[in-house]
Amino acid sequence: MPSLTTTLSLVDTDPAELAVDAIVVGLHSSSGDGELSGPLLAPGAESVAAAFDGKLAPTLKLLGASGGACEVTKLATLGTITAPVIAAVGLGAVPDDAGVPAETMRRAVAAVVRSLAGTARIALALPLPDGADGGDPATLRAVAEGALLGGYRFAGYKTKPQPGRRDPVKSVALLVPDAADKHAKAELKRAAIVAAAVARTRDWVNTAPNELRPPDFATAVSAVATSAGLDVEVLDEKALKKGGYGGVLAVGMGSSAPPRLVILRYAPKGAKKHVALVGKGITFDTGGYAIKPAQGMWEMKSDMAGAAAVASTMVAIAALKPKIAVTAYLPMAENMISGTAYRPGDVVTMYGGKRVEVLNPDAEGRMILADAIVRAAEDDPDYLVETSTLTGGQVISLGKKISGVMGDEAFIARVAAAGDRVGEPAWPMPLPDDVRKGMDSDVADISQINAGMDRAGHMLQGGVFLREFVADGLPWAHIDIAGPSYHSGEATGYWTKGGTAIPVRLLLDLVDDIATNG
């Protein structure tokens, strides 16, 4: 079954009279004199509360509702309103004049939609700003994205139906002041495009690695990109060898499935700026002859999350049609162990001619990315953004929910701001000169890692290495998503277990920002 089956619509009918299976209302937590005195109903639920003669909030409190963010409490209406069920979702503390933060709304809506799986039709009676045409669309955008992402489910590989497994909500109606408002309709259309990009990324990341080796991944990306109207170029192993892509070839040498480089182009008429996007596509990473521990190695199927995110971003860009040229470069390889695999001590001639001494075959991502970065610079972009599950050091430094971003100081500030706007935070990190000094090689132009530091500052080592391959004067950013790209815990907010699709929404927001502001 498709991973995203939920549909969205706008309604401006009285929620108490809507013929749906469940009405969703918002709850705020409230405290007075140090004790919980709430919860308080959020705006949007007035007519529903009136039908309960003011007893709805007290009843929800008796059921244990506190209004804490993403908490869901369900109540049978027993005919009080048309819908048979009310689902109250926590939105946290009563907001100031700025309203509920968009990210809080996105997470809360996803949580309540997921909790209502098995329900056909629901409606959201939540606080939304009046006059979408004159204000910030962030709240409506967040609600729409949350509703769709709350219905995401990876199809998986089970051969028998699972007892108790409920289908995602089929349709979600968003209650707005004016269902005919063209700006509100545009936000719903955009949310559907973005959610589809997120779902596609998650599907690729969640796919079993034996089904998505480099040629398979290249074929899958090529198919969806071609359907979206993008220009597609695929370099196979022969073309890579002819072109001198030594980094990609070296990493792919140990696998029976040869590497690929996929280039996707979006070039609308009148575009004044050009952005290059680069994404790491290691379809499985054993670590090579620096083999990884067996425990948890299966998660290395997600080592292509950067390429998956960039490819899906490009498909969304083709649908959203911003006035900016965007080109994606997706190097794909499988880092395996065999008699032909690359070794510690090898010297690799990279695309562009620079020579790298290999000290750790598990630092393979930077090898394929360096080739792609040099190739991208040949197309004269105004900005270059690369994203990858590059280092375990990112997880150690920033955890599983915050990406690290390195590169041109002014540009990474814009990247981090885009992440803040969409709820995909990226923390700026330095690229110290002493880390680079330790990468001086006795036999080549640069060594792959700083052997003197071992794994200390590992995230910074990756960024410093990549900087060596960025053209002078090109504003660039490296986003390390090693932790945030894959969620190994239970579903929370709009994350399900498995791929998260970070940083698809960040990249889309950043492209919009550059298209608008240069």
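One is the number of the first residue; the rest follow in order along the sequence.
- Here the side chains of Val85 and Thr77 are not in contact, with every heavy-atom distance at 4.5 Å or above.
- Judged by distance alone, the side chain of Thr391 and the main-chain N or O of Gln394 form a donor-acceptor pair under 3.5 Å.
- Of all non-hydrogen atoms in Val100 and Leu91, the two that sit nearest each other are CG1-O, 4.3 Å.
- With hydrogens and angles disregarded, a donor-acceptor distance shorter than 3.5 Å links the side chain of Asp178 to the backbone of Ala180.
- Taking each heavy atom of Ala218 and Val262 in turn, the nearest pair found is CB-CG2, 3.7 Å.
- To the nearest 0.5 Å, atoms CG (Leu466) and CG (Leu384) are separated by 10.0 Å.
- Within the model, atoms CG of Leu431 and CG of Asp408 stand 10.5 Å from one another, a figure rounded to the nearest 0.5 Å.
- Salt-bridge formation is not detected for the pair Glu187/Arg190: no Lys NZ or Arg NE/NH1/NH2 atom is positioned less than 4.0 Å from an Asp or Glu carboxylate oxygen.
- Side chains of Thr327 and Tyr266 form no contact here, defined as non-hydrogen atoms less than 4.5 Å apart.
- Panel note: side chain Asn206, backbone Gly499; a donor-acceptor pair is recorded below 3.5 Å.
- Taking the ring centre of Phe154 as origin, the terminal cationic atom of Arg202 falls outside the region bounded by 6.0 Å and 45° from the ring axis.
- Remark: side-chain polar atoms of Glu299 are not paired, donor with acceptor, to backbone N or O of Met297 under 3.5 angstrom.
- Within the 4.5 Å cutoff, the side chain of Met429 has no heavy atoms near those of the His478 side chain.
- Because its NZ or CZ atom is both nearer than 6.0 Å to the ring centre of Tyr383 and within 45° of the ring axis, Arg414 counts as a cation-pi partner of that residue.
- Within the 3.5 Å criterion, the main-chain N or O of Ala22 finds no donor-acceptor partner in the side chain of Thr119.
- Between Asp167 and Arg153 there is a side-chain heavy-atom pair separated by less than 4.5 Å.
- Residue Glu211 places its CD atom among more than 12 non-hydrogen atoms of other residues, nucleotides or ligands, all under 6.0 Å distant.
- Nearest heavy-atom pair across Gly279 and Pro331 is O-CD, 3.2 Å.
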Practice problem: Kindly indicate, with the supporting measurements, whether the criterion side-chain contact (heavy atoms from CB on, under 4.5 Å) is fulfilled by Leu212 and Trp204. | Solution: CA-CA 8 Å; Leu212 203 70; Trp204 277 331; 4.2 Å; yes

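- A donor-acceptor pair is defined here as one N or O able to donate and one able to accept, closer than 3.5 Å; such a pair exists between the side chain of Ser397 and the backbone of Gly393.
- Here the side chain of His28 pairs a donor or acceptor atom with the backbone of Gly92 at under 3.5 angstrom.
- Heavy atoms only, all atoms of each residue included: Ala271 and Ala325 are closest at CB-N, 3.5 Å.
- Between the CE atom in Met314 and the CG atom in Asp231 there is a gap of 9.5 Å [rounded to 0.5 Å].
- Under the 4.5 Å side-chain criterion, counting only non-hydrogen atoms from C-beta, Tyr329 is not in contact with Leu369.
- Nearest heavy atoms, Leu264 versus Ala225: CD2-CB, 3.7 Å.
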Exercise. Determine, stepwise, if the pair Met304 / Ile282 fulfils side-chain contact (heavy atoms from CB on, under 4.5 Å).
Key: CA-CA 5 Å; Met304 35 62 71; Ile282 297 294; 5.7 Å; no

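- When all heavy atoms are compared, the tightest approach of Tyr157 to Ala208 is OH-N, 3.0 Å.
- Partners of Ala195 according to the side chain to side chain contact (heavy atoms under 4.5 Å, CB included) rule, which considers only residues two or more places apart in sequence or in another chain, are Leu4, Leu148, Leu149.
- Put simply, the side chain of Leu507 reaches to within 4.5 Å of the side chain of Val310, judged on heavy atoms.
- Tyr152 and Asp203 share a donor-acceptor pair across their side chains, judged by distance under 3.5 Å alone.
- Remark: side-chain polar atoms of Lys280 are paired, donor with acceptor, to backbone N or O of Thr389 under 3.5 angstrom.
- If you take CD1 on Ile481 and CG on Leu398, they are separated by 13.5 Å, rounding to the nearest 0.5 Å.
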Self-check item: Criterion side-chain contact (heavy atoms from CB on, under 4.5 Å) on Leu56 and Val48, from CA distance to verdict
Solution: CA-CA 8 Å; Leu56 180 55; Val48 175; 3.9 Å; yes

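- Considering OG1 of Thr313 and CG of Leu510, their distance stands at 10.5 Å, rounded to 0.5 Å.
- Within the 4.5 Å cutoff, the side chain of Leu60 has no heavy atoms near those of the Phe52 side chain.
- A donor and an acceptor atom, one from each side chain of Ser66 and Glu71, are located under 3.5 Å apart.
- Qualifying side chain to side chain contact (heavy atoms under 4.5 Å, CB included) partners for Ala173, counting only residues two or more places apart in sequence or in other chains: Ser9, Val11, Ala123.
- Thr500 places no side-chain N or O within donor-acceptor distance of the main-chain N or O of Trp495, the cut-off being under 3.5 Å.
- The backbone N or O of Val112 lies less than 3.5 Å from a partner atom in the side chain of Ser115, making a donor-acceptor pair.
- For the pair Met406/Asp480, a side-chain contact is recorded, criterion being any heavy-atom separation below 4.5 Å from C-beta on.
- Put simply, OG on Ser47 and CD1 on Ile23 are 8.0 Å apart, with the number rounded to the nearest 0.5 Å.
- We find that Glu145 and Arg141 are not joined by a salt bridge, their nearest charged nitrogen and carboxylate oxygen being 4.0 Å or further apart.
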Exercise. Check the pair Leu124 / Leu175 against side-chain contact (heavy atoms from CB on, under 4.5 Å), numbers first and verdict last.
Key: CA-CA 6 Å; Leu124 307 181; Leu175 282 142; 5.9 Å; no

Please set out all donor-acceptor pairs under 3.5 angstrom arising from side-chain atoms of residues 416-428, sequence neighbours excluded.
{"unit_1": "Arg421", "atom_1": "NE", "unit_2": "Asp509", "atom_2": "OD1", "d": "2.8"}
{"unit_1": "Arg421", "atom_1": "NH2", "unit_2": "Asp509", "atom_2": "OD1", "d": "2.6"}
{"unit_1": "Glu424", "atom_1": "OE1", "unit_2": "Leu506", "atom_2": "N", "d": "3.0"}

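- Open room surrounds CD on Glu490; 12 or fewer heavy atoms of other groups in view lie less than 6.0 Å from it.
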